[in-house]
Each structure stands twice: as C-alpha cells, then as structure tokens.
Amino acid sequence: MFTPKKVKHRKHHRGHIRGNATQKLHVSFGAFGLKAMESGWISARQIEASRRAITRFLHRGGKVWIRIFPDKPITIKGSEIRMGGGKGPVDHYVAAIKPGTVIFEVDGIPEASARQAMRLAAYKLSVKTRFVTKAQTL
C-alpha cells in the first residue's frame, strides 16, 4: 500500500475540501482516464484495490498511471477510550480529492476495455467518478 516515506508533520488537522481542482484536470499521460466528480477522501487501500482491479482486467496489458497519492495521515483513538488524553495514533493515509481531479489513466488498450476497467475501479472508490478521454479533457 501507499504510505509517504517521510512527512513534515506526523499528525494533520482534518480540514475541509473546498472548491474545484486546479491541478490534474486533464488526461496527460494515457488516452483514457477516471475523473472525480465530487470531493472526498480516498484511502490508500481503495487506491490499491482500484489499481488491482484495472491491472487484472487488462491481463497485464496496457499501461496504468495513478495520479493521486495518499499523503494525509488520519488518526483514530481506540474504542472504549475516555475523552481527553490527546489525539490518537496515525491509523492510515488518505488522498484528499477535489471535483475534477483525474485519478487514474490508462493507455495501450481499446476504449471499450478501458471503459470497463475504469468502471471496475470506480466501484472500489468512495467518490463519484466519470470516464474521460484525452480529447474530452483538452
């Protein structure tokens, strides 16, 4: 799974995801992509599950790019712990996604196969997504 090698601060604030994406708006590397239509957190487990779904469907054919990285630490306090005592330990990492962010890209396969692979990947994610082509995003 994806985790950062090094972080500036061990624990982050939760924050708010406001506005639309200003980066990663276009399909840059491949011919087809999966674009987020709403904001949210995508965990490292979800990214890995989506990646596996795509590569297994393609039978190791084509090329896959992952355009997001989970670099936001999420802390969780244990169950049945009383209030106070500070913030809990880091449990997992997430990528904060804004609407319009291209999450995955694929190339080297026909559009019908890419559409099916992206549909399988979208089932694993916690945000609404849309299949896009390079021509649509330019």
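These figures come from a predicted structure and were not determined experimentally. Residues take their numbers from the sequence shown, with the count starting at 1.
The hydrophobic cluster containing Leu25 does not contain Val106, counting ILVMFWY residues as joined when their side-chain heavy atoms lie under 4.5 angstrom apart, directly or transitively. Residues Ile42 and Val132 are members of separate hydrophobic clusters, defined by side-chain heavy-atom contacts under 4.5 angstrom among Ile, Leu, Val, Met, Phe, Trp and Tyr. No single ILVMFWY cluster, assembled from side-chain heavy atoms under 4.5 Å apart, contains both Val64 and Val27.
Between the side chain of Lys11 and the backbone N or O of Thr75 there is no donor-acceptor pair closer than 3.5 Å. When atom types are taken as modelled, the side chain of Glu105 and the backbone of Ser28 share a donor-acceptor pair closer than 3.5 angstrom. Looking only at distances, no side-chain donor or acceptor of Lys77 sits under 3.5 Å from a matching main-chain atom of Met83. Under a 3.5 Å cut-off, the side chain of Lys72 and the backbone N or O of His13 do form a donor-acceptor pair. Checked by atom type and distance alone, the side chain of Lys35 never pairs as donor or acceptor with a backbone atom of Phe131 at under 3.5 Å.
The aromatic rings of His9 and His12 lie perpendicular to each other, with more than 60° between the two planes, well past the 30° mark.
Between Val7 and Val90 there is no side-chain heavy-atom pair separated by less than 4.5 Å. Residues Phe32 and Asp107 form no side-chain contact, since every pair of their non-hydrogen atoms from C-beta on lies 4.5 Å or further apart. For the pair Val102 and Trp65, the minimum side-chain heavy-atom distance is 4.5 Å or more. The side-chain heavy atoms of Met1 and Ile47, taken from C-beta on, include no pair separated by under 4.5 Å.
Summarising the geometry of Tyr93 relative to Asp71, their closest heavy-atom pair is CD2-C, 4.1 Å, with the distance given to 0.1 Å. Closest non-hydrogen pair, Gly40 versus Ile17, comes out as O-CD1, 3.5 Å.
Separating the CD1 atom in Ile97 from the CG atom in Leu125 is a distance of 9.0 Å, to the nearest 0.5 Å. To the nearest 0.5 angstrom, Thr101 atom OG1 is 12.0 Å from Glu38 atom CD. In this structure, the separation between CD on Gln46 and CZ on Phe2 is 13.0 Å, given to the nearest 0.5 Å. Distance CH2/Trp41 to CD1/Ile74: 3.5 Å, rounded to 0.5 Å.
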| task | Starting from the C-alpha separation in whole Å, work towards a yes-or-no answer on side-chain contact (heavy atoms from CB on, under 4.5 Å) for Ile103 and Ile68. | result | CA-CA 6 Å; Ile103 302 169; Ile68 58 174; 3.4 Å; yes

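Salt-bridge formation is detected for the pair Arg51/Glu48: a Lys NZ or Arg NE/NH1/NH2 atom is positioned less than 4.0 Å from an Asp or Glu carboxylate oxygen.
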Which side-chain N or O atoms in residues 111-122 pair as donor and acceptor under 3.5 Å with protein atoms at least two apart or in another chain?
| residue | atom | partner | partner atom | Å |
| --- | --- | --- | --- | --- |
| Glu111 | OE2 | Arg115 | NH2 | 2.9 |
| Gln116 | OE1 | Arg119 | NE | 3.3 |
| Gln116 | OE1 | Arg119 | NH2 | 2.9 |
| Arg119 | NH1 | Tyr123 | OH | 2.5 |

